[in-house]
Visitor: 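Let me begin by handing over the structure; questions about it come next.
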There are 2 protein chains.
Amino acid sequence: MWTMSTPRTAARKTRGTYHHGHLRQALVDEAVRTIGRSGVDALTLRGVGAALGVSRTALYRHFADKDALLAVVAREGFVALKATLDAARTRCADLDGQLTDMGTAYVRFALDNQAHYLVMFGSFLERCQDAPELMADATAAFQALVAMIVDLQQAGRVRADDPLLLSRFVWASVHGIALLAINGQLGPDRSAGVALYAACAPRIRAALE
Amino acid sequence: MWTMSTPRTAARKTRGTYHHGHLRQALVDEAVRTIGRSGVDALTLRGVGAALGVSRTALYRHFADKDALLAVVAREGFVALKATLDAARTRCADLDGQLTDMGTAYVRFALDNQAHYLVMFGSFLERCQDAPELMADATAAFQALVAMIVDLQQAGRVRADDPLLLSRFVWASVHGIALLAINGQLGPDRSAGVALYAACAPRIRAALE
DNA sequence: ACCTGAACACCGTTCAAGT
DNA sequence: ACCTGAACACCGTTCAAGT
């Protein structure tokens with residue numbers, strides 16, 4: 001499956017050159033790499049700068065502050081999540097298969113992109129409750145699920161309850177599974193989340209009938 | 001319902017006295033109060049000390065470091081959560097009613113004790129993956145749910161799947177609902193989580209049949 | 001035992017100055 | 001435009017010293 005980790009080569013500045021060239025994206029990528037390796041709390045702007053061979057204040061040419069950098073990471077995550085969920089619908093002609101694939105894709109995305117996922121739903125949210133673009137990206141990703149539920153309802157395969165409600169139920173379930181897996185509450189094995197979702201998918205399906 | 005916020009009066013040291021008296025618990029309570037007001041990232045040991053009229057290093061007589069203080073907050077949370085879940089089973093004679101009450105109690109606990117809940121399941125976990133007492137308390141709370149599912153199975157009211165699996169499914173659902181509510185993803189209203197659970201309870205129940 | 005103040009090695013952020 | 005170094009107001013943590 002598609003992940004965002006493809007271009008994650010260290011984009012260090014070549015010594016002696018004045019301009020970095022692609023500093024903005026390099027800062028975001030390095031932040032994601034640090035968070036993925038050591039957690040959100042281990043992220044320091046000075047460390048990011050040092051890893052890229054750049055002054056600790058160079059970052060402020062591209063981001064207002066640390067939260068602005070994290071907000072970009074979160075937005076990048078929501079955009080990629082939406083793309084992942086939409087792509088999951090193209091593999092299977094059967095609507096029921098699409099729902100299961102979408103759930104699998106969601107949990108896999110969370111595990112393959114833990115750094116993004118932790119920023120998207122982590123403590124950083126407390127400080128930026130009113131960031132309209134961020135909320136818009138998050139909503140857009142969620143709408144991929146709502147559309148799936150609506151299609152299933154129109155095909156008569158899901159009960160005629162409020163689609164927003166049913167979507168939130170499914171979202172809460174896969175979100176909970178993803179977080180329990182990331183936090184190690186399902187055991188040390190990385191793939192425990194995918195396995196748990198596979199076992200839960202028929203239960204979720206039954207709940208929607 | 002029972003919450004932990006009952007004795008949350010400011011336990012400031014009376015000026016001039018040398019010993020605080022109950023400094024350890026006062027430190028924990030002040031940490032919880034700060035987190036509840038401003039988020040986990042806003043917690044500083046110096047701030048906690050200042051709020052209690054105590055030196056910034058007094059804390060180290062009771063806790064090895066900041067993570068040790070957070071671990072106590074998390075353990076306190078898991079113990080209280082277990083008590084809340086167990087208590088939810090005493091109000092209703094009907095097993096199905098008990099399951100629904102337990103789910104309601106879980107979501108309500110998370111919303112009424114956001115500070116504890118965020119520490120119990122937040123980014124702090126990344127740094128203390130192997131804290132055996134903490135894991136034991138967390139497991140004990142989870143076992144209250146497993147016992148509920150087993151009782152329902154023995155009464156023939158829940159399908160005969162692996163009870164651990166079914167318990168994790170229910171846990172993931174209520175955990176997801178609680179976190180979405182706390183993070184404001186269900187709207188600004190505080191009680192949105194409780195309302196969403198109330199609507200989801202029949203869906204969860206149907207999934208277990 | 002419990003508390004204190006000074007000290008150390010870190011942070012995020014600002015700002016005048018360089019190219 | 002983009003980058004730098006010094007500076008400021010913070011952190012967590014340690015430690016010798018006080019009661």
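Just so we're on the same page: letters track the sequence lines, and every chain starts at 1.
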Visitor: Under a 3.5 Å cut-off on both pairing distances, which runs of 3 or more consecutive Watson-Crick or G-U pairs involve DNA chain C?
Guide: C:4-8 with D:12-16, C:12-16 with D:4-8
Visitor: Rounded to whole angstroms, how far apart are CZ on F63(B) and P on dC3(C)?
Guide: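 Interatomic distance, CZ of F63(B) to P of dC3(C): 12 Å.
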Visitor: With sequence neighbours left out, which residue pairs that include part of residues 62-90 of chain A fulfil the ring-ring contact (aromatic ring centres under 6.0 Å, His included) condition?
Guide: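 Residue pairs passing ring-ring contact (aromatic ring centres under 6.0 Å, His included), neighbours aside: F78(A)-F121(A).
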Visitor: How does protein reach along nucleotides 12-17 of chain D, written 5' to 3' as B (base within reach of a heavy atom under 4.0 Å), S (only sugar-phosphate), or - (no contact)?
Guide: BBB---
Visitor: Please confirm whether the backbone N or O of D161(A) pairs with a side-chain atom of Q153(A), one donor and one acceptor, at under 3.5 Å?
Guide: yes
Visitor: Please tell me whether T139(A) and Q143(A) have a donor and an acceptor in their side chains that are separated by less than 3.5 angstrom.
Guide: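 There is no such pair between these side chains.
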Visitor: Could you tell me whether the side chain of D162(B) and the main chain of L164(B) form a donor-acceptor pair under 3.5 Å?
Guide: yes
Visitor: Answer yes or no: is there a side-chain heavy-atom contact under 4.5 Å between L152(B) and L166(B)?
Guide: no
Visitor: Rounded to the nearest 0.5 Å, what separates atom CE in M102(A) from atom CG in D86(A)?
Guide: 6.5 Å
Visitor: Please state how far atom CG in D41(A) lies from atom C1' in dC11(C), giving the value in whole angstrom units.
Guide: 13 Å
Visitor: Take the protein atom CG of L52(A) and the nucleotide atom P of dC2(D), then report the distance between them rounded to whole Å.
Guide: 16 Å
Visitor: If the threshold is 4.0 Å, N to carboxylate O, is there a salt bridge linking D29(A) and R33(A)?
Guide: no
Visitor: So does H62(B) get a side-chain nitrogen or oxygen closer than 4.0 Å to the phosphate oxygens (OP1/OP2) of dC2(C)?
Guide: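 False: H62(B) side-chain N/O out of range (4.0 Å or more) of dC2(C) OP1/OP2.
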Visitor: Could you check whether the rings of H175(A) and Y117(A) sit parallel, tilted or perpendicular, using 30° and 60° as the cut-offs?
Guide: tilted
